[in-house]
Every structure is written in structure tokens, then in C-alpha cells.
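Just so it is clear, the structure is predicted and the values come from calculations on it, not from any experiment. Computed from heavy atoms alone, side chains included, the values below leave out hydrogens, waters and symmetry copies. Every chain is numbered from 1 and lettered A, B, ... according to where its sequence line falls, protein lines coming before strand lines.
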2 protein chains.
Amino acid sequence: MATIYEVSKLAGVSLATVSRVMNKNTRVSEKTRKKVQDAMDQLGYRPNSIAQSLASNRSNSIGILVSELHGPFFGQMMSGIESELRAAGKHVIITTGHSEQEKEIDGIEFLLSRNCDALILHVEAVSDEYLIELSKKSTPIFIMSRYVENLKDRCISLNNEMGGYLATKTLIEKGHSAIGFIGGPEFKADSRSRLQGHRRALKEFNLPFDDKLYFEGDFKETGGIAGLRTLIKNNDQLTALACANDEMASGAMKYAREHGYNLPEGLSIIGFDNIIYASYLYPTLTTIHNPIYEMGHMAAKLALKSVYNVKNLKIQNIFEPTVIERNSVGSV
Amino acid sequence: MATIYEVSKLAGVSLATVSRVMNKNTRVSEKTRKKVQDAMDQLGYRPNSIAQSLASNRSNSIGILVSELHGPFFGQMMSGIESELRAAGKHVIITTGHSEQEKEIDGIEFLLSRNCDALILHVEAVSDEYLIELSKKSTPIFIMSRYVENLKDRCISLNNEMGGYLATKTLIEKGHSAIGFIGGPEFKADSRSRLQGHRRALKEFNLPFDDKLYFEGDFKETGGIAGLRTLIKNNDQLTALACANDEMASGAMKYAREHGYNLPEGLSIIGFDNIIYASYLYPTLTTIHNPIYEMGHMAAKLALKSVYNVKNLKIQNIFEPTVIERNSVGSV
DNA sequence: TTGTAGGCGTTATCAT
DNA sequence: ATGATAACGCCTACAA
């Protein structure tokens, strides 16, 4: 790879001048600019961004930490962030935390060591305190899909409580009263909020919260299967089920169908997230829309605004969920 | 952030010694090692990997280029690569090409400029010649899910032709003869191979290939919908449909159901890829398994072996597809 | 075993 | 407008 030195030699100018035409800020005469440009083209010169980064303490790249690289949720999120950033000429460096504290911290430190200009984090295992400490360091951090009070203007999150509320309310309004709830892992704040919303809806309609109708799932298909099996065992009067995400809803649908339930007549199911294939399921899944792609965009905008001083960006920190009515919920 | 210089000062040793304890290769006395380690801990020292990379011309990270960050296919692929690499202490830098030549090249140059030790590419728009040229440069490249004859030992790919063949053969053996085929975009090599396999199966069973029963889709749900609509218009005797990927199969299933077909009695559908939610569909989708996660693992192993000299890794360049029988294909 | 010093490819601060 | 030259933080011969 050609270096700036060879370019300067071929163009007959100094290193500094070459650097100047690359970073089209300072003034260079049109004539020398052309000379340099020609030399660059001729040598097929590409700046070494590592060296740029070391010298300028700027990398034009933003670190992203997600729990997993697969799955519709993270896919949408990463896409949202990347498309916005790429349009602004910035790059992303993605790494994973696997929902484990040690790996999350490890990932963050990797990103930091790569001189990222900012970090966009979707972390689940790390504590609020850790994030607050981290935010005091020089690299700005932004938090996706999690609300930390002390860092609220750096968080882009969904009103999960409202989502949980809407899900259960939707079922109640269709006449259901024996409603099961399959939640996510309780160590995740999202899970707790969604459950809380469920409880609020029950309360509002004077329905009791029954431990026997609650199951702590894993946000995966298996959790939906195990959950429904358990809930049915606990209460065979069950007519409706709210799941804290669509994967679990899909698992529950599968279990229900395999055990002779007609959907939605025999059992109404509502999901959460509105992941891409919710509409591919049969019956198509009624669910709570989680605008994660838009939230990714917004996190990117927030970074662009506060790190690169891009102007005219309106920031919205909290997104509201909406009900997507499809065919998996029936009236009783 | 503390630098190596501060560590050396605090520990009372030279820069070189600190560097040595970091890169635990050369010998350092246990005593000084401990001194240095203590100084590091005390300062919360983290090496700046940018500087390391510039100085050593090694980044311990591997660049990955995928078409999109979302979607089950790429998710599985990235996960496969990342998990293998992470276990070996290497990191990934992911970027996207969006199936456009310019963006793919742009992405590759970004990765190159970040001093990646190797590149794992899933490129669709760039030419074989470009890849061959690229492979001559100093950064090794490995190619996912695409077969380039001159670079065959650097390719990890699926036998797509066989997959296409198996899909159609499966339908024929269930008694179908009026078989539609919704392919992927023809500029993609995968699409062409799958179509070719379809034609081979037809030929083997003495069935003619009929232009009216072929539709060039887009590998998305919409392609399945548009495709089935067109094929039905062209031939109302259609009893079976092979789709070049599961997304299109899912679109076709949706269209079919909305137009009064019973599945699979009225229409048999087979997909391709066996993406995660193929088994969530109703009826569960019979499809061709594409072991993309394993292929990701293998690409990572290939990189580890040839770039970092990791031993005892068996490399398999071509993977064979298998038929996954579920419930979307019926007998006629 | 440990230290010295030059170099990695840029940027940025001075001069000129 | 352009050119020297010192950083940036680390690695790695070469010396000691």
C-alpha cells in the first residue's frame, strides 16, 4: 500500500500538503491540489485509517455492542444504526456481549481500545452504576433499549411498561379474563417493565394477578413452549396469553397447535416486538410494535449530533409502542 | 487513558519491558512482571489497540463484509464467524455492502484501511476478477457462500446446484409435475446455481423446463407473492412450487392462503436455506438446509489457520445441502 | 533479563 | 500557500 510519503514525493510536495488535500479543510492552491490528486490516483493511494486515528485521536467510527449478531431484534437495530451512520460517512464496529457481564465489559473495552468516537450499547448484564461510571470517561456512550435515569438523555428506549399494558389491555377488551403471561428473564429491565405493564392492565380492570398464570421465560421459542405447557397445567381455563416477545409467542403457538388448540378460537395469543416474521406466522401474530429500526436510527442521530456536531437533528429519547392487530387474538 | 509510558514510569522499568509483559512472549523475570502488572492494575491500563496495530502491522481483528446486517441468513453467518473467532481471542469488524458493487468495494477498502489481518467476504455484486486481484494483495481474503474457481481453497460455499436439484426432486418424487420455480436475482451466482439444479432435476425425470413456470424473484417475501401470482396466471394447473429461499416461500404461502389454497393439499411449497423461522410457519416449511452457521465457523477456522497459524483445523470448503421434510409438501 | 532508539503512517503546530 | 518537525502509543531490532 502506498503511503502519504510516496504520494508527496511523486507530487513533489511535502507530507503536510498531501495531508491537507485529504482533509479538505485548509486551503491548498488548485494547482497543487490537482498535482497531489493525480499522484494519489496514480499510486492507488488509500489513507491508512489506523494511522489517521492514532494521530488525530478520531476514528470516524462508532462502536456498537449488541447481545447477539443474529435474531431479528438485533438485526433491525444494527441496520438502523448503520444506515444512518453510513449516510454520514461514519463506520460502525460491532461486537457482542452475549448478555454476560464479563463479555459485555470485554466488548466495551475492545471498542474503547479501537479509538471509537462513541459507543452505542445494548447491554443487559452490566449494572446501571457501571454505565454511569463509563459515561464519565472521555468516550461518549449511548444506550439502546434501556432506560437509566441518570443518563436519560443518552438513552433511546421503548416505553416497555406501556407495551406490556397495551398487550394485556387488548386481550381484556376482547373479553378475556383468564390471561397467562410469559415474561422474559427477570434480570432484564425490559422484562420487568413489560410485566409491570401487564399487572397495571389487570389492576385497571380489577383482575387479580395470579402467580400461577405467570411464567418466566427466556425470550426464545423454547420459553414459549415451556411456558404455555406450565400455564395450562396450572389453569386449564386459560383463554388468552400475552408473551413478552414474539419468539416466545411463536413457540407458544406451536405448542398450542400441537396440543389440539384452534388458534385463535381456542387460545388467543399476543406477542411483543413485531419482529419481521410475526406476519408470516399462522395465524398472523397480533403484537406490540417495537420500532427498533427507528430507534437505531435515532441512536445514530444522537451520536452524530453530540460527537460530530451534525446540526438539525431532532432527538426523541423514548418511543411509544403501538398495538398491531392481526389474527392471533379472538373474542371470547 | 493511561499509556505504556506511565506504566513504565510507575513500575520503574522501560517501555520495552512493559511491552514485553503485555505480549507474553519474550522472557521477563517473574519479579518485574509482577511489578509491571501491579502498575497496570493500579492505573487501569488498557493497551491502545490502534497504536499496537500501527506498530506491529497486526490488528488481531478480521474484517467481515455482509450484504445486510439484518435477516436470518446474515445473522447466522456472522454469529458463526464471530463465535469461532472470539474463542480464539480475535475480534471482528463488520461492515455492509448492500449488494451494490460500489458499496462492496467501499466496504472492503474500509476494512483494509483498518489493518484487518484478513477479510471474510460475502459479496454479490463484485466480479470474480476483482476478487482474484484483491486476493493478490497482502491481506488474505476468504469468500463465503460463493465459489470462485481460481480461489477455490479460499471459498466456503454451499453446493447450491445440488440444493436446487434436491428441492425439485423432492417435489417430483411426491408426484408433482407442474412445478413452478421462483428464483433469486439472476445476477447472483447462488440464484443461478439453484435454478440450474432445478433444471437438472426436471431433465432427469423427463419434465420440460417451461419459461412460464419460472419467475425471477428478489429473495424477499414480496418476490414470493409476486412470483406465485404470476405463475398461477401463467398456469392454473400448478400443484407445486420451489422457491430459491425461505423468505420467498413464506411470501408465496401467504399469497396462496389468501387466495383460497389449502396448504399443502392445494399447493405444495418447498423453500431453501432453512432459516430459523421456517419451522414457525404454518404449515411448517419443508426446505433445503443451508448450514450457514457451520459455514461461518469454517470460514473463521480457515482464517485462523492461514493467518494465525492455528494448528489442527480441518477445513471443508464445500458444504452439502440436505432436505428438511416438514409439512408444506404433500403428495399428489 | 532489560534498556535504547528508530519506525509504523498520519495529523497538527509552527515557521516560512 | 507550503514545508519542517514533533507528536500519537506502541513494537522490535539491537545493545548492554
* Structure fact -> Across all chains, not counting sequence neighbours, the ring-ring contact (aromatic ring centres under 6.0 Å, His included) partners of B:Tyr147 are none
* To do: Run the salt-bridge test on A:Lys9 and A:Glu6 with the 4.0 Å N-O cut-off and return the result as yes or no.
  => no
* For B:Glu124, does its backbone N or O pair with a side-chain atom of B:Glu104 as donor and acceptor, under 3.5 Å? -> yes
* What residues form a ring-ring contact (aromatic ring centres under 6.0 Å, His included) with B:Tyr293, not counting sequence neighbours? -> B:His297
* Distance from B:His91 atom NE2 to B:Ser61 atom OG, nearest 0.5 Å? -> 8.5 Å
* **Rounded distance (Å) that lies between atom C1' of D:dT12 and atom CZ of B:Arg58** => 15 Å
* **Polar side-chain atom of A:Ser49 near backbone of B:Ser113 as donor-acceptor pair, under 3.5 Å** => yes
* Structure fact -> B/S/- along nucleotides 4-11 of chain C (protein heavy atoms under 4.0 Å) is B--BBBBS
* Examine B:Lys90 relative to B:Tyr308 and say whether NZ or CZ is less than 6.0 Å from the centre of the six-membered ring and inside a 45° cone about the ring axis. => yes
* Which part of the nucleic acid, if any, lies within contact of B:Thr32, taking any heavy atom under 4.0 Å across all strands shown: a base, the sugar-phosphate backbone alone, or nothing? -> sugar-phosphate
* Taking atom CZ of B:Arg58 as the centre, report whether more than 12 heavy atoms of other residues, nucleotides or ligands fall under 6.0 Å from it. => yes
* **Partners meeting ring-ring contact (aromatic ring centres under 6.0 Å, His included) with B:His122 (sequence neighbours left out)** => B:Phe73, B:Phe74
* Return the value, rounded to whole Å, for the distance between atom NZ of A:Lys9 and atom C1' of D:dG3. => 17 Å
* Please list, by residue number, the residues of residues 34-43 of chain B whose heavy atoms come closer than 4.0 Å to an atom of DNA chain C; answer none if no residue qualifies. => none
* Asked: Under 3.5 Å, is there a donor-acceptor pair between the side chain of B:Asp117 and the main chain of B:Ile62?
  -> no
* Asked: Bend across the helix from C:dT1-D:dA16 to C:dT16-D:dA1, to 10°, with axes taken over 5 pairs at each end?
  -> 40°
* **Rounded interatomic separation in angstrom, taking CG from A:Asn115 and C1' from D:dA7** => 15 Å
